[in-house]
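Hydrogens, waters and symmetry mates play no part in the numbers below; they use all other heavy atoms, side chains included. In what follows, chains are A, B, ... by sequence order, proteins preceding strands, each numbered from 1.
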2 protein chains.
Amino acid sequence: MTTQKLMKDSYLLEEQVGFILRQVSQRHAALFMARMGEDITPMQWAAMAKLHEVGPTSQNLLGRMTAMDAATIKGVADRLMKREFIGTTSDALDARRRLIALTDEGRAFVLKHYDAAFEISRETVAPLDPDECKTFIRLLEKLR
Amino acid sequence: MTTQKLMKDSYLLEEQVGFILRQVSQRHAALFMARMGEDITPMQWAAMAKLHEVGPTSQNLLGRMTAMDAATIKGVADRLMKREFIGTTSDALDARRRLIALTDEGRAFVLKHYDAAFEISRETVAPLDPDECKTFIRLLEKLR
DNA sequence: GTCAGATCATTTGCATACAAACAAACGAGG
DNA sequence: CCTCGTTTGTTTGTATGCAAATGATCTGAC
């Protein structure tokens, strides 16, 4: 008889999935900053890319589509508004809503940075070969 | 002759690895909050777990070991100090350094929450079967 | 020994994040 | 038509997260 199974492994921070996730996110953010950091932040880009994808929407809905809560999307929208990348219109059907839409300048910005955005995604998974990449994305999607 | 390869896929936010990474991190944070949110934040836990692992260290070094920059670890350390989970001693060999160490209360806190911390890591990868989990961790580590 | 370059800790400024609380407006059921 | 339970947008407060600048200190090359 040994003490097998009675002894638990130590809790090593480096081995915890949450910690590794954080480091990978940090690396992704660094890649983003290197390519587009002069021009825009990751969250502001996400909001504009989604707006470009789906067209005008309410602020809260845009937040839900970009995984930002109401308080967070408010700040992001305010900063995009200040730069005149987006504009608002009142909704005739719902007095609470403000429709958010890309301005011409905002649309031009998205198109100009389209390739860089693709490249950031590619760089992020560059350490993986194509098969590994497919597997990784598939498993990652199961965890969201 | 067709136009194959001339047409690029659209940039869909949902498909970008950075966006999925963010959602998985959000889910992990939610699991953390559900289990330990009343007691501590993820970053404060990371700092204490690392201190428990390696013993007393300087603030900057602790930051490096927990993937926090100097400004971030400062705030985390201040809040842990206020709760008296950690304490500081001056370093006889280097007047710039302040050695940070767990207090008895801090050490007791870590031990008390050890199991919950393990459980959070397990829950995070629960949607994967054991083989998938091994593969996922292995690939994730290649991206950090 | 001294001095330039590195390290440690701190501070400021800006940009997320999210819980909690609110007022205004909507919508369905009675 | 009224009311109760949502939804929308906003604000406040706390906690990261990181760039950049600063002052104090250390360290290695000369």
Side-chain angles (χ1 to χ4, degrees), chain A residues 18-19 21-34 36-48 57-83 86 88-100, chain B residues 18-19 21-34 36-48 57-83 86 88-100:
Chain A
F19 183 70
L21 269 172
R22 201 165 89 74
Q23 289 185 295
V24 175
S25 294
Q26 282 179 329
R27 177 166 157 276
H28 175 263
L31 293 172
F32 188 103
M33 281 315 188
M36 301 178 64
E38 300 284 304
D39 298 326
I40 203 167
T41 68
M43 302 317 292
Q44 289 171 25
W45 171 258
M48 292 185 69
T57 44
S58 74
Q59 185 175 283
N60 277 10
L61 184 52
L62 180 60
R64 253 171 274 138
M65 291 188 292
T66 53
M68 302 181 218
D69 80 354
T72 301
I73 190 65
K74 170 69 160 68
V76 171
D78 283 351
R79 288 182 281 277
L80 288 175
M81 206 89 78
K82 189 179 296 178
R83 292 180 66 178
I86 62 176
T88 60
T89 324
S90 54
D91 185 336
L93 300 177
D94 189 336
R96 295 168 306 174
R97 291 197 188 193
R98 307 240 64 206
L99 268 311
I100 295 183
Chain B
F19 183 70
L21 269 172
R22 201 164 90 74
Q23 289 186 296
V24 175
S25 295
Q26 282 179 329
R27 176 167 158 276
H28 175 263
L31 293 172
F32 189 101
M33 281 317 188
M36 302 179 62
E38 299 284 305
D39 299 327
I40 203 168
T41 67
M43 302 316 291
Q44 289 171 24
W45 172 258
M48 292 185 69
T57 45
S58 73
Q59 184 176 283
N60 275 11
L61 184 53
L62 180 59
R64 253 171 274 137
M65 292 189 293
T66 52
M68 303 184 217
D69 80 353
T72 301
I73 190 66
K74 171 69 159 70
V76 171
D78 283 352
R79 287 181 282 276
L80 288 175
M81 206 88 78
K82 189 177 297 176
R83 292 179 67 178
I86 63 176
T88 59
T89 325
S90 54
D91 184 337
L93 300 176
D94 189 335
R96 295 167 305 176
R97 291 197 187 192
R98 309 238 66 211
L99 268 310
I100 296 182

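Here the closest non-hydrogen pair linking A:W45 and A:M36 is CE3-CE, 3.6 Å. Shown here for B:L99 and B:D91, the closest heavy-atom pair between the two residues is CD2-CB, 3.3 Å.
Under the rule for a salt bridge (Lys or Arg N to Asp or Glu O under 4.0 Å), the partners of A:R96 that lie at least two apart in sequence or sit in another chain are A:D94. Residues satisfying the side chain to side chain donor-acceptor pair (under 3.5 Å) criterion with B:T88, sequence neighbours excluded, are B:R98.
Residue A:R79 is the one, among A:R79 and A:A95, whose nearest nucleotide of DNA chain C lies closer to the 5' end (criterion: closest heavy atom). Nearest-nucleotide mapping onto DNA chain D: of A:Q26 and A:D78, the residue sitting toward the 5' end is A:D78.
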Decide yes or no on side-chain contact (heavy atoms from CB on, under 4.5 Å) for A:F32 and A:I40, but give the supporting numbers first.
-> CA-CA 9 Å; A:F32 188 103; A:I40 203 167; 4.1 Å; yes
Using the side-chain contact (heavy atoms from CB on, under 4.5 Å) rule, take B:R22 and A:M68 through it: C-alpha gap first, then chi angles, then the decisive distance, then the call.
-> CA-CA 10 Å; B:R22 201 164 90 74; A:M68 302 181 218; 3.7 Å; yes
For residues 70-80 of chain A, which side-chain N or O atoms pair as donor and acceptor with protein atoms under 3.5 Å away, sequence neighbours left out?
from  : atom 1 : to    : atom 2 : distance (Å)
A:T72 : OG1    : A:D69 : OD1    : 2.9
A:K74 : NZ     : A:D78 : OD2    : 2.8

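Taken to the nearest 0.5 Å, the CG atom of B:L61 stands 4.0 Å off from the CE atom of B:M65. Atom CD1 of residue B:I86 and atom CD of residue B:Q44 lie 9.5 Å apart, to the nearest 0.5 angstrom. Expressed to the nearest 0.5 Å, how far CG of A:L21 lies from CD of A:Q26 amounts to 11.5 Å.
Between B:F19 atom CZ and C:dA17 atom P there is a gap of 11 Å when expressed in whole angstrom units. One can place CD of B:Q23 at 15 Å from C1' of C:dA17, the figure rounded to the nearest angstrom.
Across all strands, A:T41 comes closer than 4.0 Å only to sugar-phosphate atoms, never to a base (heavy-atom distances).
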Starting at the 5' end of nucleotides 4-9 of chain C, put B wherever the base has a protein heavy atom under 4.0 Å, S where only the sugar-phosphate does, and a dash everywhere else.
-> ---BBB
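Side-chain contact between B:V24 and B:H28 is absent, with no heavy atoms from C-beta onward closer than 4.5 Å.
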Distances for protein N or O near nucleotides 19-22 of chain C N or O, under 3.5 Å:
none

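Running 5' to 3' along DNA chain D, contacts with non-hydrogen atoms of chain A at under 4.0 Å begin and end at D:dT7 to D:dC18.
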